[in-house]
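First the structure, in the form of structure tokens, and then the observations on it.
Bear in mind that the values here come from a model prediction, so they are computed numbers and not experimental data.
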Amino acid sequence: AKAEKQLSLVIGDTVHIQESCEGEGFWDIALTFAIILEVKIITSAEMPLVKEVTTTLREWGSIWKQLYVSSKKERFSQVQRLMWDLMEWRSQLLSGTLPSDEFKELKQKVTSKIDYGNKILELDVVVRDADGNILDPERASVISLFRAHEDATAKITERIKEEQSNVQLDHSGVSARIQSSPTHSLYVFVRNFVCRIGEDSELFMSLYDPIKQTNISENYLVRWGDKGLPKDIEMLNSLKVVFTDLGNKDLAREKIYLICQIVRVGRMDLKDTNHKKWTTGLRRPFGVAVMDISDIIKGKTECDEEKQYFIPFHPKISGSHRPVTSSLRGSSVLHSETNKSLNTMSGLWVTMKALVGDIVQIRKEYPHLVDRSTVVARKLGFPEIIMPGDIRNDIYLTLHSGDFDKYNKTTQKNVEVIMLVCDEEGKVMPNSICLGAGDRPVNEYRSVIYYQIKQPRWMETFKVAIPLEEMPRIHLRFMFRHRSSQECKFSSFSVSCSHEVQFFKIDTSENNVTSSHDFKGSVEDTLSLSLCLSVGLLGLLKWRTRPEMLKQNLQELKLIDGEEVVKFLQDTLDALFNIMMEHSQTDDYDILVFDALVSNIQTYTHFYSLKNKGSKELFLQKCLRWTIFDCRDILLPMMLRELSGALAVVGEGLQDEKRNSVELLNNILEVLSQNDVVRANQRSRVVACMTAILSQMDDRHYSCYIETFSGTTDLVDFLMETFLLFKDLIGKHVYPSDWVTMIMVQNRVFLRAINTYADTMNHKFLDNNSFEVQLWNNYFHLAVAFITQESLQLQHFSPTKRSKILAKYGDMRRLIGFAIRDMWYKLGRNKICFIPGMVGPILEMTLIPEEELRRATIPIFFDMMQCEHNHSGNFIKFENEIILKLDHEVEGGGGDERYMELLQSMYEHTHTLWSCKMLVQHFVTLVTGLLERLLDYRTVMSDDSRNNRMSCTVNLLNFYKDINREGMYIRYLYKLRDLHLDGENYTEAAYTLLLHSKLLKWSEEQCILQLDYQTSHSQRQLKESLYDTIISYFDMGKMWEEAITLCKELADQFEMEVFDYELLGQKLNQQAKFYENIMKILRPKPDYFAVGYYGCGFPQFLRNKVFIHRGKEYERREDFQSQLMSQFPSAVRLNITTMPGDDIKNSNMQYIQCFTVQPVLEIPPRLKNKPVPDQIINFYKSNYVQRFQYSRPVRRGKVDPDNEFASMWIERTTFITAYKLPGILRWFETTVSPLENAIETMGQTNEKILTMINQYQCDDALPINPLSMLLNGIVDPAVMGGFAKYEKAFFTDEYMHEHPDDRDKLLRLKDLIAWQIPLLGRGISLHGKRVTDDLRPFHERMEECFKQLKKKVEKEYGVRELVRMKARQQKQKEGFCEMKEGKGSAKCVLIFFLLCSLIRMRDDPLGRALCCARSDSPSAHWLDLNAERPLRHTQRGDHAHTHMCLYVQNNML
């Protein structure tokens, strides 16, 4: 190997090709010698069906999670069940132990389940052949694919109807499925048992009939620990049981209860306190939990397996000798006042669900509920249907009652009954007793002990679990004990079959056995299919032992009870068929056997006349399965005859695909020849036929067909009609959207045809003489429609579907996109014919998020600009069209940030080639700016925050206003209006529409239709209509001052222009009403809040910005802040009101700062110095405001404990918004003017100089380079001290005339410039002491530049000097800084306090805090932060300066 991705091979090596990708890569084996390679292709051991199940589960899994997140609970549970089914069946497929017939059956179930799940999840249809295998579109014809899609859709539709009918409840109380099913089950999941017992307990759960006072099912036993958890901790969250074998007779019971008997296992009395004398292991009755589940099990109440039911606990009444179940007659326990639960929370928490079917069926249909760990509790009796093959031999024994009355004693015994199963020799048979389902077998049974009861009634049922062959050899031994706290006494006896027996007391002292009391026990049910046969039926089954009785037994079979026959139906049928086969030589028993078979079938159908058809079919199938081998001589010939006839019919059919296609084509042509319009369902068949024809054509066929056109006109017409037909078929969705295989096959065929026709156009219609504009236009529109169709947008598909399409068909978008690019560049000078018509389609194509496609097609835009510029001298048409189309496309979901990056990078790589470079640069900047705002707008439109949507809308409409796109500007004005109306912001909605009205004139000119719903009006009519709407909005927002202004303007028009005095009167009346409202109606003042969004986690339009929000009426700051935080759940609230540091601003988190600010009243000039009523002036205190203040107290100097006001200062922050409030938004950003920005920048520069000087004076080891760069950058003439641009921008007469209010700010800026000179002088002096010899020329030049700069600045702005230590004491005595008059300018003997104080003044429009220095400032250690002298104002002419004394120590600044 000579490269990284090459293999070194020697003779004899084996190459394992683990994966082969079609269409990508290739195997290049260069042989320099005769080498024989053994190549083995390793394939997955998994069968295709298992792979399909795995892929389906992965795809469904992601959708399943999305359903959970979107809280679609019903569909979530449905998909969960489907996935559980597939996982269970997948494990069966992987086991590899299924017979072929069961494998086929399972395969059918799996594919049916996948297809059904894909349909309800709106995934694609999977087309299969008759065996369930996925059809390969490469090998199947188009017609067969179409038919497979139709068949699959029909089957899925039928399946969905069946599912809906199964889950639809019958309003009479019982679901249709329950009515039709013969077998039912009840699923119960024990979630928790809450009861304060203090000892271990046993929970016996069963179904109970309170009317007959009998158990319906055997017990389900749960052993509960004294810690409040199951004894077996592994059973936690796994206590599931299903009660099976219930029939329709059981559902017909009047009442069915779910009961839970609680037996305490421990000491005799819970009140015993003597630990040493405790007896343990005593089973004592404790209570019962009961719930009426009649409606649930009968289907009247729809139950969900996730819904939990609480069953309250009822304790056993003290002193009662009756079992807890004896009081369950009717609903006595449920409604008894005496049997109240221990507390409201004592009881059982369970979930339940009624299931349809026997245990085998429900395990298949509900594998997520009934799994291997689910306990099965069977009915105490046979089910109504005993399917052939069902074998059950169970003995249930019920300990009923006993009489232990001691007539000569007042105190009765505490009797405990112990039962053992013994064999013939009297040995105890281990593990032969089962106390309840779900519990391990035990050696002995111990009864519940009733305290001093003479006639206890236990009513405890348990099962004797021994093999059938051991039944005749066993007997039961009962022993009795008196149990107390310290001792126990025995008496015992044995019983084999008696139900009521007398027992004997054993006198251990004399070895005498004396007669004693009566004891009653009952073998409640002996459920055995072998031990409980009737005599007649037993004679038939044992017919070989007494053949002379055969005729009599056959005749008596009709007289046996039908239920008894059905119980032993399998054995009966086996016996009858054996009799028929063994006596086949004679006809002695044929009639009798036939009558017996008919009788059995009649008995079965009569016995189950109300049962569903499925059970009958299952019964017949099983019967045939058992007898088919014995009766093959009879059945096989008949089956062969039937199959031969069926095969003959099949053989006569058309099996050839071509003949089928010809027949189909004939039918289609017949349909097309009809006069009526082809229906929708027929159109898909026609398209499938056309696609099939085109798929069979190769290049030779196309070429021959093109040559058949005699003239150019006919060929042009054919191509244009074909292009229109293809475009129509692509756009109108001939096939359902989930027929993805059919759609992709059609696209592949169409793509090949389009490219072939494009070659024809290049050869015949590209020259200028034969150029057909409409033909090329049709081609481009067809190609763009093809590339933008929804079925090819891979970014919208799941990863599984995307990978399947790419592997099978590739990305067709690239192919057609590259073809469009090539066709465009071949147009030459004909390109101008498609500008601006093709701008929109090309833009739609370039917005597709496919990197290579974008790189290939975005340059078409630059070519269009160059083409139009060469033709017209500009590309205004192109620019207008792309701005209009870009707005619609991005709002529809196209475009992303990567598109902006590609557009910018392609311009930077190719801009040197254009003659219109500046125009193109402006266009790129324009488009990227618009796209950035459009993407922000699209992002927030799905956001819950209405404020964010409004902000992005305002950004867009301002952008369109700046670039003079009036139509788009108005469009977004109305979108903003709608958002305001949704939030009941009527004032802001009025201001928004007012912007539209300002674009109109009072003239009769016709309006340009800007909106889809706008009708033709003159500008006067539209403006008048807008004013009426705006006035109504102002009225609802109680902004009557604004409404009066508009009424006056309308009244003036009605009076002076249109002379409509009737409307004039109406407006004057409305105006008078508004005046009255101002004086009489109370208008609450809204609060204003400053909100800062800090951190990079916010979007760009919010990041590190401060906004002033206008609150609603009576809205408190806490409510406003809570609503604000709900819009940004991950944001952290800042509890400070000062500006946060850079660490917070630059962090990736979100920080929100919110506090109340006060509006600054700006009285209108017409109201100044006049006696204005409070109702009028109060309005201006919270409206038409742009300046806001926030004040907070700060402590400075020494604190006087007796007078806190002596040291309390006020720090005041002033905010200025970009626009007055209220306005088109309820909030506006705080702004800094260019002049204020210059002041802030100049102050920061001075602070930087001062900080660096301080650092270099403290540390001699610092390198000189940073100081050199800083000083040179300021004093160099090329920079002119950093303030030359400020002088040109602000220090002009024109600026002073336009901004008369900025006079104080200009003086402040001049002051900062003047103070920079002494700082530079100190820095250059320090630089001269530290500079090296090689940098001495550089330093000398810098000194020369500084002298020139100093001379200029001191002449223009005055001289400033820094105070030194020698003058410190004198200045402290004077208490303030003096002003020294110099040559025409002031010399302020002041150290550089302006660095900190003037910059951070918070009572000026900059909004900066009044402070001396931050505690974290590098120079904080030498600034006297607790200056004892107050601020002192000194006058110079008509300008006031504010200073504060700071001190110098250690000869340091």
Using the side chain to side chain contact (heavy atoms under 4.5 Å, CB included) definition, which of the options K379, H184, K298 pairs with D250? K379
Under 4.0 Å between a side-chain nitrogen and a carboxylate oxygen: does that hold for E460 and R283? yes
List the steps and the verdict of side chain to side chain donor-acceptor pair (under 3.5 Å) for E59 and T800. CA-CA 7 Å; E59 189 170 14; T800 302; 4.8 Å; no
With sequence neighbours excluded, residues passing side chain to side chain contact (heavy atoms under 4.5 Å, CB included) with R378: E218, T244, D245, V376, R392
For D371, check salt bridge (charged side-chain N to carboxylate O under 4.0 Å, His left out) against everything at least two apart and list the hits. K240
Would you mind reporting whether M352 and Y309 have side-chain heavy atoms less than 4.5 Å apart? yes
Residue pair V125 / N118, side-chain heavy-atom distance below 4.5 Å: no
Please report the C-alpha distance between E444 and R446 in whole Å, then the side-chain angles of each, then the deciding distance to 0.1 Å, and finally whether the salt bridge (charged side-chain N to carboxylate O under 4.0 Å, His left out) criterion is met. CA-CA 7 Å; E444 64 180 14; R446 293 175 180 267; 2.7 Å; yes
Worked verdict on T398 versus N215 for side-chain contact (heavy atoms from CB on, under 4.5 Å): CA-CA 11 Å; T398 299; N215 283 328; over 6 Å; no
What distance do R284 atom CZ and N414 atom CG have between them, rounded to the nearest 0.5 Å? 7.0 Å
Applying side-chain contact (heavy atoms from CB on, under 4.5 Å), run through I63 and V79 and close with a yes or a no. CA-CA 9 Å; I63 300 175; V79 175; 5.8 Å; no
How many angstroms lie between atom OH of Y366 and atom OG of S185, to the nearest 0.5 angstrom? 9.5 Å
Between CG of N192 and CD of Q308, what distance do you get to the nearest 0.5 Å? 8.5 Å
Point-to-point distance, once rounded to the nearest 0.5 Å, from NZ of K212 to CZ of R253: 5.0 Å
Of all the heavy-atom pairs spanning I296 and A354, show the shortest one and how long it is. O-CB, 3.5 Å
Please round to the nearest 0.5 Å and tell me the distance separating atom OH of Y116 and atom CD1 of I160. 6.5 Å
Taking only residues two or more places apart in sequence or in another chain, which ones pass side chain to side chain contact (heavy atoms under 4.5 Å, CB included) with K231? D200, R223
The test is side chain to side chain donor-acceptor pair (under 3.5 Å); show your working for S373 and S238 and say whether it passes. CA-CA 7 Å; S373 64; S238 298; 5.4 Å; no
With a 4.5 Å heavy-atom cut-off, do T111 and L49 have their side chains touching? yes
Residues, nucleotides or ligands: over 12 heavy atoms within 6.0 Å of E234 CD: no
Between W84 and L82, is any pair of side-chain heavy atoms under 4.5 Å apart? no
So which pairs with a foot in residues 53-72 pass ring pair (Phe, Tyr, Trp, His ring centres under 6.0 Å), sequence neighbours left out? W64-F76, Y68-F76
Donor-acceptor contact below 3.5 Å, side chain S1126 vs main chain Q1123: yes
Got a donor-acceptor contact below 3.5 angstrom from the S447 side chain to the V417 backbone? yes
T183 vs L246, test: side-chain contact (heavy atoms from CB on, under 4.5 Å). Steps then yes/no. CA-CA 6 Å; T183 309; L246 303 177; over 6 Å; no
Would the number of heavy atoms belonging to other residues, nucleotides or ligands and lying under 6.0 Å from NZ of K119 be above 12? no
Residues T54, R90; criterion side chain to side chain donor-acceptor pair (under 3.5 Å); working and verdict: CA-CA 8 Å; T54 305; R90 181 178 180 273; 3.0 Å; yes
Which residue is it: L369, V188, I359? I am looking for the one with a side chain to side chain contact (heavy atoms under 4.5 Å, CB included) to V242. I359
Looking only at heavy atoms, what is the nearest atom pair of F286 and C195, with distance? CE2-SG, 3.8 Å
Any side-chain heavy-atom pair from I259 and S206 closer than 4.5 angstrom? yes
Can D209 and K255 be counted as an ion pair, charged N to O under 4.0 angstrom? no
pair F310-L348: side-chain heavy atoms closer than 4.5 Å: no
For Q66, the side chain to side chain contact (heavy atoms under 4.5 Å, CB included) test, sequence neighbours excluded, returns none
Qualifying residues under salt bridge (charged side-chain N to carboxylate O under 4.0 Å, His left out), relative to K801, sequence neighbours excluded: D124
Minimum-distance pair of heavy atoms, taken over all atoms of P230 and W224: CG-CZ3, 3.7 Å
Does R58 CZ have over 12 foreign heavy atoms under 6.0 Å away? no
Answer yes or no: is there a side-chain heavy-atom contact under 4.5 Å between Q213 and Y208? yes
What do you reckon, are the aromatic ring centroids of Y220 and F243 less than 6.0 Å apart? no
Kindly indicate, with the supporting measurements, whether the criterion side-chain contact (heavy atoms from CB on, under 4.5 Å) is fulfilled by L435 and V442. CA-CA 8 Å; L435 301 181; V442 295; 4.3 Å; yes
Taking atom NZ of K109 as the centre, does the number of heavy atoms from other residues, nucleotides or ligands within less than 6.0 Å exceed 12? yes
Using modelled atom types only, decide if a donor and an acceptor are shared between the side chain of E199 and the backbone of R267 within a distance under 3.5 Å. yes
Heavy-atom side-chain contact between L86 and T56 under 4.5 Å: yes
Measure the CG-CG distance between L380 and L207 for me, rounded to the nearest 0.5 Å. 9.5 Å
Over all heavy atoms of both residues, which pair between I262 and I197 is shortest? Give the atoms and the distance, please. CG2-CD1, 4.1 Å
With under 30° as parallel and over 60° as perpendicular, where do the rings of W458 and Y450 fit, or are they tilted in between? tilted
